[in-house]
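Because the structure is predicted, anything quoted here is derived from the model rather than measured. Letters go in sequence order (proteins before strands), and every chain restarts at 1.
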There are 2 protein chains.
Amino acid sequence: MINKETIGYSFGMIKLNGNTYQYSAEIFFEMFDDRLKLMIIWYLSNGSMRFKELSKYLQPITNKTLSAKLKQLEELHLIEREVFAEVPPRVEYTLSPHGQQLKPVIDEVIAWSQHYAKTFGQTINEE
Amino acid sequence: MINKETIGYSFGMIKLNGNTYQYSAEIFFEMFDDRLKLMIIWYLSNGSMRFKELSKYLQPITNKTLSAKLKQLEELHLIEREVFAEVPPRVEYTLSPHGQQLKPVIDEVIAWSQHYAKTFGQTINEE
DNA sequence: CTGTATCCAACTCGATACTG
DNA sequence: CAGTATCGAGTTGGATACAG
């Protein structure tokens, strides 16, 4: 039997964008059920980035996919899009307040990964 | 430009299971690039569960898919599988030490989701 | 109960080409 | 530079049936 306290207390049902959730964490799991959105949050947790810059780090990603993911994240209120009236065009993506609140999640992901890498991975030093 | 300190310091390349990663966090993102594995960790973070119990919570999941995901998590050293010599058979799945170290990640996921739900969701109380 | 085997629908995402 | 359009390969994961 699930212990409601440990798994994230359920005080009823949550309605969000037409969907119903019993536990709020399910919102996160559905939101980040793909390969890319949380990675983009991770990159942006470092500061704002341009479209092309993100594209470079996420290679091999296509413009279509990146564009779609950024739009989804904006609709989820996790990032903000700023267009500069320049030639060539410049668009910067930044974490919204709610996106920035994902920083503790990202930090724990980094900490866990470093520990996991130390146990099971092999490190190749640079010089 | 990515700030290596903030994004999880890169001290070289990491080799793991034949793959090469620049940042350890990439291990996590590749590991949990599907819809189910982190959800299973979330359920098991509450204590061990049997196959059928997990299946019930993850509906609509098929035996094939659940079986495959549990095997993958075991190969990643995140869960442990214990078979009891009973009739009918009983198999219990439990977080391994490395799986338990994901608890802080899960906790932050729960905290963030609750806050997000409070902002954008609508709560329907039980009674 | 705890799986495995087959089949297949849906979705994600990349390749390529093109636009303002 | 920052997208959009079209196409298609690959993967995930469900439906169904069956086994130990």
Using OP1 and OP2 only, check whether a side-chain N or O of [X] sits under 4.0 Å from [N].
| X | N | value |
| --- | --- | --- |
| A/Lys69 | C/dC13 | yes |
| A/Lys71 | D/dG3 | no |
| A/Arg50 | D/dC1 | no |
| B/Thr62 | D/dA15 | no |
| B/Ser67 | C/dT4 | yes |

What's [X] touching, base or sugar-phosphate or nothing? Going by heavy atoms closer than 4.0 Å.
| X | answer |
| --- | --- |
| B/Lys37 | nothing |
| B/Asn63 | base |
| A/Pro60 | sugar-phosphate |
| A/Leu66 | nothing |
| B/Lys52 | sugar-phosphate |
| B/Tyr93 | sugar-phosphate |

Checklist entry - Salt bridge or not for B/Arg35 and A/Asp34, using N-O below 4.0 Å? => result no
Without decimals, in angstroms, what is the distance between [X] [atom1] and [N] [atom2]?
| X | N | atom1 | atom2 | answer |
| --- | --- | --- | --- | --- |
| A/Arg35 | D/dG13 | CZ | P | 14 Å |
| A/Gln59 | C/dC13 | CD | P | 14 Å |
| B/Ile40 | D/dT12 | CD1 | P | 14 Å |
| A/Lys56 | D/dG3 | NZ | C1' | 19 Å |
| A/Ile61 | D/dA2 | CD1 | C1' | 14 Å |
| A/Gln72 | C/dT12 | CD | C1' | 10 Å |
| B/Asp33 | D/dT12 | CG | C1' | 10 Å |
| A/Glu30 | D/dG13 | CD | P | 14 Å |

Next on the checklist: Restricting to non-hydrogen atoms, name the atom on B/Pro89 and the atom on B/Arg50 that form the minimum distance, rounded to 0.1 Å.
Outcome noted: O-NH2, 3.4 Å
When you compare the side chains of [X] and [Y], does any donor N or O come within less than 3.5 Å of an acceptor on the partner?
| X | Y | result |
| --- | --- | --- |
| B/Glu92 | B/Ser48 | yes |
| A/Tyr21 | A/Glu30 | yes |
| B/Gln59 | B/Ser55 | yes |

Checklist entry - Does the C/dG3 base have a donor-acceptor partner in the side chain of B/Lys64 within less than 3.5 Å? => result no
Checklist entry - If you pin A/Asp34 and A/Pro89 to their nearest nucleotides in DNA chain C, which one's is more 5'? => result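 Looking at the nearest nucleotide for each, A/Asp34 comes out on the 5' side.
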Item to check | Pair B/His98 and A/Phe120, ring centroids less than 6.0 Å apart | outcome: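 That pair passes the under 6.0 Å test.
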